[in-house]
Amino acid sequence: MSEAVTPRSQDYAAWYIEVIQRAELVDYGPVKGTMVIKPYGYALWENIRDQLDRRFKATGHQNAYFPMFIPYSFIQKEAEHVEGFSPELALVTHAGGKELEEPLVVRPTSETIINFMFEKWVKSYRDLPLLINQWANVVRWELRPRPFLRTTEFLWQEGHTAHATPEEAEEETLRMLDVYVDFVYNEAAIPVIQGRKSDNEKFAGATRTYTIEAMMGDGKALQAGTSHNLGQNFSKAFGTRFLTQDGTLEHPWQTSWGVSTRMVGGVIMTHGDDKGLVLPPRLAPVQAIIVPIWKNDTEKAAVKEMVLRVEQALIAAGVRAKADLSEQETAGWKFNEYEMRGVPLRIEIGPKDVEKQAVVFARRDRPGKEGKQFGIPADDVGRVATEWLADIQQSLLQRAIQFRDSNIVDVEDREQFAQVIANGQWARAWWAGTGTDERKLKDETGATLRCFPLSQPGGTGRCFLTGAEATEVAVFAKAY
RNA sequence: CGGCGUGUAGCGCAGCCCGGUAGCGCACUACGUUCGGGACGUAGGGGUCGCAGGUUCAAAUCCUGCCACGCCGACCA
């Protein structure tokens, strides 16, 4: 831990791998594709989780927990679903010292087992809407894992709802997409493009998938959350029916929606810089780190006293503050260490500050002198820190929006498209192509159709690939 | 599953061609000096050299097989 990380600007992939390990977010597990989320990384995930959970409850959802083992036959009930998930299933074939009569699937997602239960629970329109969320781990056997972004086992939430009408289901699907949008902007400071997935890219078993797509620091797209309108696909497969108000039987219309530990990767890759992590204050496990500076025991006593007093004042003001009084490292070492760990605000307190009863503030989002302010009265730290944190949160969002907007380019023909993609940017264009066209485009340029943005220009245009008349524009990019 | 790499101390690596006491930097432990942007000195601790065979008086080093991991592709929250 002696050297700085590889600068982000120099080698993005190396930077990511180094930062997540050096900042102690994560460690590799013994099985390929598995990761250990270490306390600092888990604290970040807990903040993400809590902020999402709060919003789910506020929109009327209840948490529940469904089993991790799913009978293999369940997965097979929905044709598209089984086709989509088969290659990445982990199967339990032996247990209790014997071969099982029917293999069990370690859940890759819970639509099937939840619908098996819904079939028992839903009898009447009075049982609807049924609004359930589950926090759980899921397993998808990945061929090419990357910590947080794509791991064999990951943590997530999966919402599962059932409704009496297709309109209600569609409303719910979009409502939860909005919840995600609200979360990423206001908590994670990550701007996104919200839109609808193409048939190629939609969830296996959904009639329609909506997504939030975030732009990472290297220009690649990250699908940061999805919300699916499942139609009646699963309720039909599982025979779930309810009696309507007019006495007829109907299959309920359903939704599912999820955000995973991938979001942690999104936070890292949206805000990080050459020196390491940059965490948005609202999600940062530690919002303010207090670093003391002293030369001798006399200074030490006075500095220490003030450091603890400032720490208490910050905590009283609702700031997640921590004082680092360890004597193993120098102040300079700590400065660099906490910058690497992305702590939004650093407070320096030395003998000169004790004398003036003032402290030094340094903000992580603006490196060096520019982000440093001397002489902040010790009595004001709570108020000023709160203001600074709010300002840092805003600046991070504004910077990310600026970055996103300046890297989405409207293109009109193939040549321009290829150029924009090769340049690491996103291409936006009229699109009337087929799934086959999408695949061809990916083979040629590496870009995939990320989504049809919900915000459309209106009218019609010429498809940049086929020249046919198109009614929608789509956004294309290389993706994680 | 295809292509290319890499496995030696917690991490990063050298040693392998040309077999002969397993090394370097960081980290770790102790003590002292330091301390407003990654300090220094002295003394220490730590290794089945990925695994299994083979060749040899002797293998990290040569030979054979296997395994794992990483990067690039096909698949994905």
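Just so we're on the same page: letters track the sequence lines, and every chain starts at 1.
For the pair A:Glu213 and A:Lys197, the salt-bridge criterion is met [side-chain N within less than 4.0 Å of a carboxylate O]. A:Glu438 and A:Lys442 are not joined by a salt bridge, as no carboxylate oxygen comes within less than 4.0 angstrom of a charged side-chain nitrogen. We find that A:Lys57 and A:Asp53 are joined by a salt bridge, their nearest charged nitrogen and carboxylate oxygen being less than 4.0 Å apart. The pair A:Lys352-A:Glu355 does not meet the salt-bridge criterion, since no charged nitrogen lies less than 4.0 angstrom from a carboxylate oxygen.
Checking B:C35, B:G37, B:C76 against every side-chain atom of A:Arg150, the shortest atom distance belongs to B:C76. Closest to the A:Glu337 side chain, of the nucleotides B:A77, B:C35, B:G38, is B:G38. In the set B:C76, B:G38, B:G36, B:C76 carries the atom at the smallest distance from any side-chain atom of A:Arg262.
If you measure from atom CD of A:Glu24 to atom C1' of B:A27, you get 12 Å, rounded to the nearest angstrom. Nucleotide B:A77 holds its P atom 18 Å from the CG atom of A:Leu52, rounded to whole Å. Between the CD atom of A:Gln21 and the P atom of B:C11 there is a distance of 10 Å, rounded to whole Å. In this structure, A:Arg439 places its CZ atom 12 Å from C1' of B:C75, rounding to the nearest Å. The distance from atom NZ of A:Lys275 to atom P of B:G37 is 12 Å, rounded to the nearest whole Å. To the nearest angstrom, P of B:A77 lies 16 Å from CE of A:Met35. The nearest whole Å value for the distance from the CZ atom in A:Phe374 to the C1' atom in B:G37 is 11 Å. The distance from atom CZ of A:Arg146 to atom C1' of B:C75 is 16 Å, rounded to the nearest whole Å.
When the P atom is compared between B:U56 and B:G12, the two are found 37 Å apart, to the nearest whole Å. The P atoms of B:G45 and B:G23 are separated by 12 Å, rounded to the nearest whole Å. On the P atoms, B:G15 is 15 Å away from B:U61, given to the nearest whole Å. Comparing the P positions of B:G25 and B:A14 gives an interatomic distance of 16 Å, to the nearest angstrom. Distance check on atom P: B:G46 versus B:U33 gives 28 Å, rounded to whole Å. A distance of about 25 Å separates the P atoms of B:C18 and B:A9, rounded to the whole Å. One P atom belongs to B:A22, the other to B:U64, and the distance between them is 26 Å to the nearest Å. Rounded to whole Å, the C1' atom of B:G44 lies 23 Å from the corresponding atom of B:C49.
The base-pairing partner of B:G73, taking Watson-Crick or G-U wobble contacts with both distances under 3.5 Å, is B:C1. The partner of B:U56, taking Watson-Crick or G-U wobble pairs whose two distances both stay under 3.5 Å, does not exist in any strand shown. Using N1 to N3 plus N6-O4 or O6-N4 for Watson-Crick, or N1-O2 and O6-N3 for G-U wobble, each under 3.5 Å, B:U42 pairs with B:A30. Judged by Watson-Crick or G-U wobble contacts below 3.5 Å, the nucleotide B:U48 has no partner. Nucleotide B:U61 forms no Watson-Crick or G-U wobble pair with any nucleotide shown, as no partner meets the under 3.5 Å limit on both distances. Base pairing annotation: B:U21 forms no Watson-Crick or G-U wobble pair, as no partner gives both donor-acceptor distances under 3.5 Å. When Watson-Crick and G-U wobble pairs are counted only if both distances are under 3.5 Å, B:C67 pairs with B:G7. Under the Watson-Crick and G-U wobble criteria, each requiring two contacts below 3.5 Å, nucleotide B:G37 is left unpaired.
A 6.0 Å sphere centred on CH2 of A:Trp141 holds no more than 12 heavy atoms belonging to other residues, nucleotides or ligands.
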Given the rule in the ring pair (Phe, Tyr, Trp, His ring centres under 6.0 Å) test, do A:Phe417 and A:Phe476 qualify, once you have shown the distances and angles that lead to the verdict? CA-CA 9 Å; A:Phe417 180 92; A:Phe476 300 81; 5.2 Å; yes
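No hydrogens or angles were tested; on distance alone, a donor-acceptor pair under 3.5 Å links the side chain of A:Lys372 to the base of B:G37. Between the side chain of A:Arg346 and the base of B:G37, at least one donor-acceptor pair of N or O atoms lies under 3.5 Å.
The side chain of A:Thr330 contributes no N or O atom lying less than 4.0 Å from OP1 or OP2 of B:G38. Distances shorter than 4.0 Å separate some side-chain N or O of A:Lys442 from OP1 or OP2 on B:C75.
Note on A:Asn296: nothing from the nucleic acid sits closer than 4.0 angstrom, heavy atoms only. Among the heavy atoms of the strands, none lies under 4.0 Å from A:Thr209. If you check every strand for non-hydrogen atoms under 4.0 Å, A:Gly350 touches a base. Heavy atoms of A:Lys334 sit nowhere under 4.0 angstrom from any nucleic acid atom. Within the 4.0 angstrom heavy-atom criterion, only backbone atoms of the sugar-phosphate kind lie near A:Gln223; the bases stay farther away. Among the heavy atoms of the strands, none lies under 4.0 Å from A:Val259. Among the heavy atoms of the strands lying under 4.0 Å from A:Trp294 is at least one base atom, whether or not backbone atoms are also near.
Classification of the A:Phe154-A:Trp156 ring pair by plane angle, with boundaries at 30° and 60°, yields perpendicular. Relative ring orientation between A:Trp257 and A:Tyr180 is described as perpendicular, the plane-to-plane angle rising above 60° on a 0-90° scale split at 30° and 60°.
Nearer the 5' end of RNA chain B, as judged by each residue's closest nucleotide, is the contact made by A:Glu327, out of A:Glu327 and A:Lys202. Between A:Gly84 and A:Pro351, the residue anchored nearer the 5' end of RNA chain B, judged by the nucleotide with its closest heavy atom, is A:Pro351.
A distance of 10.5 Å separates CZ in A:Arg208 from NZ in A:Lys202, rounded to the nearest 0.5 Å.
By the criterion of a centre-to-centre distance under 5.5 Å and near-parallel planes under 30°, the ring of A:Trp333 forms no stack with the base of B:A39.
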